[in-house]
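Step one of this worksheet: look at the structure below.
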2 protein chains.
Amino acid sequence: MSRTAPTAALNLAKEATRKTPQNDRIYEEMLAAILEQRLAPGTKLSEDTLGEIFDVSRTVVRTVLQRLAHERIVQIQPNRGAFVSEPSPEEAREVLQARRLIEEGVIRLAAKRRTEKDINDLRQMVSEEQQSLDSGNHQAWVRQSGDFHLKLAKIAGNQTLTAYIRELVSRTSLIIVQYQKGNLSSCSCDEHTEIIDAINGGNEELAAELMISHLNACEDQLSLQNESPESDLFAIFSKTSNS
Amino acid sequence: MSRTAPTAALNLAKEATRKTPQNDRIYEEMLAAILEQRLAPGTKLSEDTLGEIFDVSRTVVRTVLQRLAHERIVQIQPNRGAFVSEPSPEEAREVLQARRLIEEGVIRLAAKRRTEKDINDLRQMVSEEQQSLDSGNHQAWVRQSGDFHLKLAKIAGNQTLTAYIRELVSRTSLIIVQYQKGNLSSCSCDEHTEIIDAINGGNEELAAELMISHLNACEDQLSLQNESPESDLFAIFSKTSNS
DNA sequence: AAACCCCATATTGTCTACATATTTTATTTA
DNA sequence: TAAATAAAATATGTAGACAATATGGGGTTT
């Protein structure tokens, strides 16, 4: 009975976000569409078209596009429009580097703060990942794999870092869409399980090493050897035009 | 003469950002106003008023406010308006924790990649910091101190991490405005100098330790013992109302 | 006199219209 | 026929108008 403050504060927080549901709804739908590969990288996102689809004016669409642009999921070219981002190999390496750096720290925090329930939740998530992998549901696996890393950030208990990881995970999904070579190896779930075991045992150092190895393995599964599009053009034509 | 691609790509990049200067100009001005404490935390940012000040419509103002909101410099309350953020002590601790985590990694990268010019630039920046400190120019010092950390991120060479640090530095400035107790200690410049010496010597481990200590020292200079506003209210009145 | 309700006012959320920039297409010329 | 140019069409950038929501004051009721 005493101390209703937390509940009140929570309700207040919910109240604060209860409105502008249109923005959020459209944002979620567009993000999902991009991450589930229904919108390929490079696709033009016409304001009029999107407005018609979601039955809102361009004003609302622009708000959503600007939000997605800030998260680097779409790129806005002034006076030309918004496009689904096509991360360059350099950008891909950068994102993975940032993830190694941040998630190494996050996993150490998570190892310190994890509860029994957290461990159970994580194991449950890996189990579902494995199911998607077994059934060949690539899209679901990419999303669930990202959710696993996001859950670790939430366990670490820092909202700022969680927001950054959410962003990086989204961008990674986009990168995987573009650069994944061949089929995905099934070892990923095992790596996730190893990480759970490490933080369950409170072994920060091991957990950190496993996380870095895991992200390195992810990067190794990508074909990032090629240069950026423009440079490619010059490289491709230099043989004939420069001779 | 051969390989004009990089230059072409650079020009293209400049072209891409040459427009929408209005957004950027107003964004920069508002950010400066907030970080220089001309707009205090909690200040209502009326769309009409700002539109009148900058001589643009609310459309443009809203775009800028949404951008600042995404960077957590302003808070948008639906149907109520935008306000300069008032970071809670919890949020302050979170930001400093995120900075320790990210900047430890960044300083290691910077130590690996720094050039002679970088070191000179950094020493020059610290020198200017010292001048502002000596002349009692608090505002300039806060900005320059942030620029130092931002420069380190640029040396590390990861644009994603640089963007995150820029955001965290801005938020830290806002936090300092709210929670700095007493005068600022002059040791900060010395700490920056020590960090430069460490990365100049290529001593990653030392540089990382110094950076963490430095950020801890920053946090220790803040008065973060109080709880968040809401909780405060309940704590304050619980003695009388609950008896 | 105090508390409550309703309405007036002001501000934000959204839509539509117009201005400006880009892209496409059609026409002209070499 | 192909290239270049001009004009039309299309899309984005901005402004202003209307709708919805929150705030504050005045009046009524107990």
Side-chain angles (χ1 to χ4, degrees), chain A residues 8-9 11-30 39-40 42-70 73-86 229-230 241, chain B residues 8 11-30 34 39 42-70 72-86 229-230 241:
Chain A
N11 287 342
L12 202 69
K14 281 183 181 174
E15 286 293 305
T17 57
R18 85 187 187 289
K19 267 298 166 174
T20 339
Q22 237 171 12
N23 280 352
D24 294 343
R25 186 189 116 245
I26 297 174
Y27 165 81
E28 295 293 347
E29 286 204 37
M30 288 193 60
L39 284 171
T43 304
K44 171 86 186 277
L45 301 171
S46 158
E47 298 178 359
D48 278 322
T49 307
L50 291 171
E52 200 173 347
I53 290 170
F54 294 110
D55 197 39
V56 292
S57 73
R58 283 174 52 218
T59 307
V60 179
V61 173
R62 281 174 74 86
T63 300
V64 173
L65 289 175
Q66 280 156 8
R67 181 171 169 189
L68 288 166
H70 198 285
I73 303 302
V74 316
Q75 186 188 9
I76 293 179
Q77 299 180 17
N79 281 316
R80 295 212 46 236
F83 303 81
V84 179
S85 287
E86 300 178 274
E230 289 121 334
S241 68
Chain B
N11 288 343
L12 201 70
K14 281 183 181 174
E15 286 295 304
T17 58
R18 86 186 186 288
K19 267 299 168 176
T20 340
Q22 237 171 14
N23 279 351
D24 295 343
R25 185 189 116 246
I26 298 174
Y27 166 81
E28 295 292 347
E29 286 203 37
M30 289 194 60
I34 293 173
L39 284 171
T43 304
K44 171 88 185 276
L45 300 172
S46 159
E47 296 178 0
D48 277 322
T49 306
L50 290 171
E52 200 173 346
I53 289 171
F54 294 110
D55 197 38
V56 293
S57 73
R58 284 175 50 217
T59 308
V60 179
V61 173
R62 281 175 74 88
T63 300
V64 173
L65 290 175
Q66 280 156 7
R67 180 171 169 189
L68 288 166
H70 198 283
R72 306 280 193 164
I73 302 301
V74 315
Q75 187 188 8
I76 293 178
Q77 298 180 19
N79 281 315
R80 294 214 42 236
F83 303 81
V84 179
S85 287
E86 300 178 275
E230 289 122 334
S241 69

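The figures here come from the full heavy-atom set of this structure, side chains too, leaving out hydrogens, waters and symmetry mates. Proteins come first, then strands; the chains are lettered A, B, ... in the order of their sequence lines, and each starts at number 1.
Straight-line distance from the CG atom of L50(B) to the C1' atom of dT11(C): 13 Å, rounded to whole Å. Distance CZ (R62(A)) to P (dA15(D)): 12 Å, rounded to an integer number of Å. In this structure, I26(B) places its CD1 atom 13 Å from C1' of dA15(D), rounding to the nearest Å. With rounding to whole Å, F54(B) atom CZ is found 20 Å from dG13(D) atom P. Taking atom CG of L65(B) as the reference point, atom P of dT11(C) lies 15 Å away to the nearest angstrom. Atom pair E52(B):CD and dT11(C):C1' shows a separation of 14 Å (rounding to whole Å applied). For the pair R58(B) CZ and dA17(D) P, the computed distance is 12 Å after rounding to whole Å. Here dT16(C) presents its C1' atom at 12 Å from CG of D48(A), a figure rounded to the nearest Å.
Taking only distance into account, the side chain of T59(B) meets the base of dA15(D) through a donor-acceptor pair shorter than 3.5 Å.
Considering every non-hydrogen atom in both Q22(B) and V60(B), the closest pair reads OE1-CG2, 4.2 Å.
When the C1' atoms of four end pairs are superposed on the next four at each end of the helix from dA1(C)-dT30(D) to dA30(C)-dT1(D), using five pairs per end, the two resulting axes differ in direction by 10°, to 10°.
Side-chain contact between I26(A) and L50(A): absent, with no pair of heavy atoms (C-beta onward) separated by less than 4.5 Å. Contact annotation: the side chain of F83(B) never approaches that of E86(B) to less than 4.5 Å [non-hydrogen atoms, C-beta and beyond]. In this structure, the side chains of M30(B) and I73(B) stay at 4.5 Å or more apart for every pair of heavy atoms. Side-chain atoms of V56(A) and V61(A), non-hydrogen and from C-beta on, do get closer than 4.5 Å to each other.
The number of heavy-atom neighbours closer than 6.0 Å to CD of E52(A), taken from other residues, nucleotides and ligands shown, is 12 or below.
A donor-acceptor pair under 3.5 Å is absent between the side-chain atoms of T49(A) and the main chain of L45(A), judged by distance alone. With hydrogens and angles disregarded, no donor-acceptor distance shorter than 3.5 Å links the side chain of T43(B) to the backbone of V84(B).
R25(A) CZ to N23(A) CG: the interatomic distance, rounded to the nearest 0.5 Å, is 10.5 Å.
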Under-3.5 Å N/O pairs linking protein and nucleotides 23-25 of chain C:
from	atom 1	to	atom 2	distance (Å)
dT23(C)	OP1	R80(A)	NE	2.3
dT23(C)	OP1	R80(A)	NH2	3.2

